[in-house]
Amino acid sequence: MGFITQAGRLSLWQLVENKGEKETTLQQVLDSTLKGVFFTNLVSNGNYFFALSSEGQVFRIATDGNIISVKIPNVTARNGTITTIPNETTGAQNIYLGVDGNVIYGFNENLELLQGFPLAGSGVPVFVDANSDGKEDCLALTIDNKLNGWNLR
């Protein structure tokens, strides 16, 4: 599990099984500081943790301390959202960011922008087969309460 403070103090923890005592303890595996101000907590896709700064910088954090980041140009995320949703085809946990304004970004776990993104929308997108073509479509609300849908191929 992981936590990040508003000031960027990052800590990652893991459960460690003590074989001789048959008990599990919590051990800190990373204590670091990221540059920026953070209003959302960390999110994990099972392989990495992800953080979004209020300045629009997205970070990928590995438990071994390896950190990569991408700055989304001309974006702020004081009211941002970050979520992971599995890709129906590959099973990979993609990362979706809602930033200030009316834009949703989609990234793979290597922080590469997904094809078809960014999209006009706010908050967390939903992926369903809305038109019964056998492929998931992306649905998102906009800041003016309209429902947008995209057929991403």
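Remark: the E17 side chain and the T24 side chain contain no N/O donor-acceptor pair separated by less than 3.5 Å.
Using a 4.5 Å cut-off between side-chain heavy atoms of Ile, Leu, Val, Met, Phe, Trp and Tyr, with links allowed through other members, L141 and V128 fall into the same hydrophobic cluster. Under the 4.5 Å side-chain heavy-atom criterion for Ile, Leu, Val, Met, Phe, Trp and Tyr, I82 and V37 are members of distinct hydrophobic clusters. A chain of hydrophobic side-chain contacts below 4.5 Å, direct or via other Ile, Leu, Val, Met, Phe, Trp or Tyr residues, connects F50 to L113. Under the 4.5 Å side-chain contact rule for hydrophobic residues, L97 and W150 share a cluster. Following chains of ILVMFWY side-chain contacts shorter than 4.5 Å, one can reach I72 starting from I68, so the two form part of one hydrophobic cluster.
When all heavy atoms of F59 and S53 are compared, the closest pair comes out as CE1-CB, 4.3 Å. Heavy atoms only, all atoms of each residue included: A130 and D137 are closest at N-OD2, 2.9 Å. Contact between G36 and E55 at its shortest, heavy atoms only, is CA-OE1, 3.5 Å. Taking all atoms of both residues into account, the shortest heavy-atom contact from F49 to M1 is CZ-C, 3.8 Å. What you find for L139 and G149 is that their closest heavy atoms are CD2-CA, 3.6 Å. The two residues Q28 and W13 have their closest heavy-atom pair at N-CE3, 3.3 Å.
With rounding to the nearest 0.5 angstrom, the CD atom of E23 is 5.5 Å from the CG atom of N18. One distance of note links CD1 of I67 with CD1 of I61; it measures 5.5 Å at 0.5 Å rounding. Atoms CG and CD1, on L114 and I95 in that order, are 8.0 Å from each other to the nearest 0.5 Å. Distance check: T83 OG1 to I104 CD1 gives 10.5 Å after rounding to the nearest 0.5 Å. With rounding to the nearest 0.5 Å, the separation of CG in N45 from CD1 in I85 is 12.0 Å. Between the CD atom of E136 and the CG atom of D129 there is a distance of 8.0 Å, given to the nearest 0.5 Å.
Heavy atoms from other residues, nucleotides or ligands lying under 6.0 Å from NZ of K71 number more than 12.
Of the possible polar contacts, one joining the D133 side chain to the K135 backbone as a donor-acceptor pair under 3.5 Å is found. In this structure, the side chain of N41 engages the main chain of I4 through a donor-acceptor pair within 3.5 Å.
Of the candidates N66, D64, T63, L10, L10 is the only one forming a side chain to side chain contact (heavy atoms under 4.5 Å, CB included) with L30. Of the residues V75, N79, I143, the one that meets the side chain to side chain contact (heavy atoms under 4.5 Å, CB included) test with D100 is N79.
Listed by first and then second residue, the ring-ring contact (aromatic ring centres under 6.0 Å, His included) pairs that reach into residues 85-141 are Y96-F117, Y96-F127, sequence neighbours excluded.
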Steps toward side-chain contact (heavy atoms from CB on, under 4.5 Å) verdict (F38, L52): CA-CA 7 Å; F38 297 83; L52 176 63; 5.9 Å; no
Residues V99, T76; criterion side-chain contact (heavy atoms from CB on, under 4.5 Å); working and verdict: CA-CA 6 Å; V99 298; T76 60; over 6 Å; no
CA sep, side-chain torsions, deciding dist, call: F3, R9, side-chain contact (heavy atoms from CB on, under 4.5 Å): CA-CA 8 Å; F3 305 95; R9 179 82 185 264; over 6 Å; no
Check against side-chain contact (heavy atoms from CB on, under 4.5 Å), V58 and L111: CA-CA 8 Å; V58 60; L111 299 184; 4.2 Å; yes
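Within the cation-pi definition used here (under 6.0 Å to the ring centroid, within 45° of the axis), R60 qualifies as a partner of Y48.
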